[in-house]
Novice: 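First the structure, which I've put down as structure tokens, then a few questions once you've had a look.
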Amino acid sequence: MTTSETRTERSPESNDAESRDTTTRRRGLLGRVPGFADPTARFVYGWAIAQLVVNVGIVVTGGAVRLTGSGLGCPTWPQCTDGSFVPHQALGMHGAIEFGNRMLTWVLVVVAIGTWLAVFRRRGSTRGDRWLATLIALGIPFQAVIGGISVLTDLNPWVVSLHFVLSMALVSAATVLVFRTSPYEREKSTNVVAARLGSALSWLIYVLTWATIYVGTIVTGSGPHAGDADAPRNGLDPSAMTQLHADFVFVLVGLALAGAVTARVLRMPQTRAALIYVGLLALQGVIGGIQYATDLPMVLVIAHMLGSALLMIGATWLVLWFGRDQRAGGDQQDSTRREVSDAPVN
């Protein structure tokens, strides 16, 4: 061995030390935060679940604001009152409730930032995961702006409806991120025809879930819970809108049962998820019927709003799971075709 060769050789220990130094420099300040130095799949999955939970929570607390008549507890936005970001004593309990809900938005912001950082710092994150985490994070300030517009328009029912719809969009997007970042394997259906049928039914369920929820916001806009005693209503007949909403629910029930029966008969791995969705839909229907018959008590209305968020999660989950099976089935068919085409001709 020559002298020059001796100088260029490096021990494994020195290589490992240099690698650790490079990793430390790459991690930066977040390298000192537990979990964020080198996020694992479970760590990212936990943040994604947290983001979904807080998005559902903000739906429920927003409903509580409206149901207590505190929608204009802070009469302006982004400040609570002219010249002050916090409510003063004259605003009473309504001001405290509305301000408290605004403060919860900051919890949502913190969780969204944490999720975004975890996704971007994880080595195994895909470009789709990063885009999705970014869109969810950007959706939160946009949602706050819509909420501010609803306050500045004295709780215009159509703006309030848009505010709720965007909340459902964030819940659906957060569900997608949970599904994509899950470290757990899910069984796939090997039946291509069953996968295609399940995917078609799940998309119908998803679209009709959206339609049913939106019509529900129109029902709310025509009903008594405006969020403030002086807030305008949309002028539509509450009874007619309630009947229209019920009609959408009946169709959705039929589709959900069809999806569950199909998954059960064909012994698909999505059977349990489809049955859970049917159970949630049945519970939501019972709550809706009771609240209508009992003049919309606050507790039941809040439970109904929570049920809407859970149904959105369930419908999104079905689309993702069935859709993955269809893609897997298509890949399997392509592989089979390639094997046949590559086979030697006798």
Side-chain angles (χ1 to χ4, degrees), residues 41-42 44-45 48-49 52 56 124-129 131-132 168-169 171-215 247-286 307-343:
R42 290 179 180 273
V44 176
Y45 182 59
I49 291 178
L52 176 59
V56 173
S125 294
T126 65
R127 180 180 298 180
D129 295 337
W131 271 108
L132 186 58
M168 290 294 102
V171 167
S172 184
T175 303
V176 176
L177 189 61
V178 169
F179 186 91
R180 290 176 62 95
T181 59
S182 175
Y184 304 105
E185 290 292 332
R186 296 183 188 86
E187 185 181 353
K188 297 180 182 180
S189 175
T190 57
N191 188 324
V192 177
V193 176
R196 289 179 177 176
L197 179 59
S199 179
L201 284 172
S202 66
W203 271 109
L204 287 173
I205 291 171
Y206 182 74
V207 171
L208 200 58
T209 299
W210 266 112
T212 304
I213 289 175
Y214 180 70
V215 174
D247 293 339
F248 274 90
V249 171
F250 292 146
V251 178
L252 182 57
V253 168
L255 283 173
L257 288 173
V261 170
T262 299
R264 180 69 175 176
V265 170
L266 297 179
R267 298 181 179 180
M268 302 181 71
Q270 295 88 348
T271 299
R272 183 179 179 183
L275 290 174
I276 290 175
Y277 183 85
V278 171
L280 288 173
L281 187 58
L283 180 61
Q284 181 78 330
V286 170
S308 296
L310 295 178
L311 285 175
M312 181 56 65
I313 293 172
T316 305
W317 200 266
L318 288 175
V319 166
L320 294 170
W321 198 348
F322 277 112
R324 190 188 66 167
D325 277 2
Q326 186 183 19
R327 290 191 297 273
D331 294 341
Q332 185 178 5
Q333 276 192 332
D334 292 340
S335 177
T336 302
R337 292 192 188 101
R338 286 194 297 269
E339 290 176 0
V340 172
S341 62
D342 292 342

Novice: Are a donor atom and an acceptor atom from the side chains of Tyr206 and Trp210 found within less than 3.5 Å of each other?
Specialist: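 Per modelled atom types, Tyr206 and Trp210 side chains form a pair under 3.5 Å.
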
Novice: Counting only N and O atoms by type, is there a donor-acceptor contact under 3.5 Å from the side chain of Ser202 to the main-chain atoms of Ser199?
Specialist: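 Checked: pair present.
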
Novice: Rounded to the nearest 0.5 Å, what separates atom CG in Leu255 from atom CG in Leu208?
Specialist: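 Atom-to-atom, Leu255:CG and Leu208:CG are 6.0 Å apart.
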
Novice: Drop me the distance from Thr181's OG1 to Ile49's CD1, to the nearest 0.5 angstrom.
Specialist: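 The CD1 atom of Ile49 is 7.5 Å from OG1 of Thr181, to the nearest 0.5 Å.
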
Novice: For residues 309-320, tabulate all N or O donor-acceptor pairs below 3.5 Å that involve a side-chain atom, not counting sequence neighbours.
Specialist:
| unit_1 | atom_1 | unit_2 | atom_2 | d |
| --- | --- | --- | --- | --- |
| Thr316 | OG1 | Ser172 | OG | 2.9 |
| Thr316 | OG1 | Met312 | O | 2.7 |

Novice: Which distance, rounded to the nearest 0.5 Å, do you find between the CG of Asp129 and the OG1 of Thr126?
Specialist: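 If we round to the nearest 0.5 Å, Asp129:CG and Thr126:OG1 are 3.0 Å apart.
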
Novice: What are the two closest non-hydrogen atoms of Pro183 and Arg42, and how far apart are they?
Specialist: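 Heavy-atom minimum between the residues: CG-CG, 4.1 Å.
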
Novice: State the CG-CG distance between Leu252 and Leu257, to the nearest 0.5 angstrom.
Specialist: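 Reported value, rounded in 0.5 Å steps: 9.5 Å.
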
Novice: Does any non-hydrogen side-chain atom of Val253 lie less than 4.5 Å from one of Val249?
Specialist: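 Contact flag for Val249/Val253 side chains = yes.
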
Novice: Is there a donor-acceptor pair closer than 3.5 Å between any side-chain N or O of Thr271 and the backbone N or O of Met268?
Specialist: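 Looks like yes, one N/O pair under 3.5 Å.
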
Novice: Given side chains that start at C-beta, do those of Tyr45 and Tyr184 come closer than 4.5 Å, heavy atoms only?
Specialist: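 Answer yes - side chains close enough.
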
Novice: For residues 273-281, which side-chain N or O atoms pair as donor and acceptor with protein atoms under 3.5 Å away, sequence neighbours left out?
Specialist:
| unit_1 | atom_1 | unit_2 | atom_2 | d |
| --- | --- | --- | --- | --- |
| Tyr277 | OH | Thr209 | OG1 | 2.6 |

